[in-house]
Number of protein chains: 2
Amino acid sequence: MTRGQDDPRQRLISTAADLLRRRGLSSTSIRELSKCAKAPLGSTYHYFPGGKPQLIGEAVTHTGQHIGKLLAQALAAGPVAGIEAFLANWRSILIESEFKAGCPVIAVAADDSSGEGEGLPLAAAAAALQDWERLIAQSLTGTGMAEADASATATLIIAAVEGAILLCRAAQSITPFDKVSRLLILQLRQHAGR
Amino acid sequence: MTRGQDDPRQRLISTAADLLRRRGLSSTSIRELSKCAKAPLGSTYHYFPGGKPQLIGEAVTHTGQHIGKLLAQALAAGPVAGIEAFLANWRSILIESEFKAGCPVIAVAADDSSGEGEGLPLAAAAAALQDWERLIAQSLTGTGMAEADASATATLIIAAVEGAILLCRAAQSITPFDKVSRLLILQLRQHAGR
DNA sequence: GTCTATACGAAGATAGAC
DNA sequence: GTCTATCTTCGTATAGAC
């Protein structure tokens, strides 16, 4: 059950996350995805019998857990340090992709297209966002902030960061992200100390 | 050149904006759009010879100007009142659509899919966002806030609101939006007075 | 000017050879 | 278990009848 980075299944998940970032949900096709991951189309359906919803869902969950892990580690040094690391991570993704890559989780949230049932990818996105919120809120309460304020602040941070990422995609510039980052950190220092 | 609300062209634009909100860019097809607007497919291409990019671009621009107008009117009573109206507008869209509708502008920003050229819809989205930011920033400087701070605050507000809309779509709940709204208004009152 | 019928490609998904 | 060929549906876009 150990899974190296050459595992085709893992490669498909990573590729899915990458295409999700750049193209969005509906524009990411299983065909192109398979080609990019150097896997034949049949293999993709072999590993993911649930088809596109399953593969996308797992990609979103994987990304959510990856970011969550980074966040948890960085938050160990306090909320401000944690958020700064969170911001730095997204910033480098934007810069390195020349503002073409966003966040796979938010790509699913924006694109949706799932009518009512089959909301597997959307549910995965909601879980990831809630996980991040919980981590940040816990860190804030640790510095003495009231729970309701901590929860709201955590939600604001995530909303602002994800929104800023989209603004950067539209403007093809890092400026919106940097403006938002500066204010968030400033406010965080005032309220959470440290 | 006067154009009633029964103008098929105008109806196509409104329908495009609505589908964009609910389904996202790539999932919105000209076929379905035409059907919803009760216009034959050929008519759609008659009115929009530029095809999907032109129609989507005009829908985004139209929405941007509509929201911009509302924003400008509401901001006349001061920045806090203006932002409150901005928030109330998005909130009712979320509620009435049961969290299925978002913002057409952000749908385009998230979905993109346009490689390099043909960025017409994306350019329209960027213009709308920049317009809103300018309106809010101007209102803030009117209360004595420094220009750099006003600009950054305006960007934060737009990023947070758009991000919160996506969080609501993911969570199928208004809670994220209300959390973010409360904090934004709170901070705004502190910094901008009134 | 309005609309129907159609061309052509690409999507998700599967069957079945190896 | 891996991969090719194919089914069906839907996408954008257009031709040409009324």
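Any value given below was found using the heavy atoms of this structure, including those in side chains, with hydrogens, waters and symmetry copies removed. A quick note: this is a predicted structure, and the numbers were derived from the prediction, not measured. Chain A is the first sequence line, chain B the second, and so forth, proteins listed ahead of strands; every chain is numbered from 1.
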Letter by letter from the 5' end, nucleotides 7-18 of chain C scores (B base, S sugar-phosphate only, - none; protein heavy atoms under 4.0 Å) ----BBBB----
For the helix from C:dG1-D:dC18 to C:dC18-D:dG1, measure the angle between the helix axis at one end and the axis at the other, each built from five pairs, rounding to 10°.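 The value is 10°.
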- Got A:E133 and B:K179 here, is their nearest side-chain heavy-atom distance under 4.5 Å?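 Sidechains of B:K179 and A:E133: in contact.
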Under a 3.5 Å distance rule, please check whether A:R9 uses its side chain to pair with a backbone N or O of A:Y47 as donor and acceptor.
yes
(message) When you measure from the side chain of B:R22 to the backbone of B:K100, do you find a donor-acceptor pair of N or O atoms at a distance under 3.5 Å?
(response)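 Here the side-chain-to-backbone pair does not exist.
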Grab the [atom1]-[atom2] distance between [X] and [N] for me, whole Å please.
X     : N      : atom1 : atom2 : result
B:R9  : C:dG1  : CZ    : C1'   : 15 Å
B:H46 : D:dA13 : NE2   : P     : 17 Å
B:K35 : D:dT12 : NZ    : P     : 13 Å
A:K38 : D:dC3  : NZ    : C1'   : 16 Å
A:L12 : D:dC3  : CG    : P     : 11 Å

Determine whether more than 12 heavy atoms belonging to other residues, nucleotides or ligands lie under 6.0 Å from atom [atom1] of [X].
X      : atom1 : result
A:R21  : CZ    : yes
A:Q54  : CD    : yes
B:Q130 : CD    : no

Any side-chain N or O of B:S43 below 4.0 angstrom from OP1/OP2 of C:dC3?
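Yes.
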Exercise for review: Looking at every strand, decide which applies to B:F48 at a 4.0 Å heavy-atom threshold: base, sugar-phosphate, or nothing.
Suggested key: nothing
Check: Will you find, in the side chains of B:T141 and B:E147, an N or O donor that is under 3.5 Å from an N or O acceptor?
Finding: no
#### Entry: Stepwise side chain to side chain contact (heavy atoms under 4.5 Å, CB included) check, B:T153 with B:I157
CA-CA 6 Å; B:T153 303; B:I157 289 169; 4.1 Å; yes
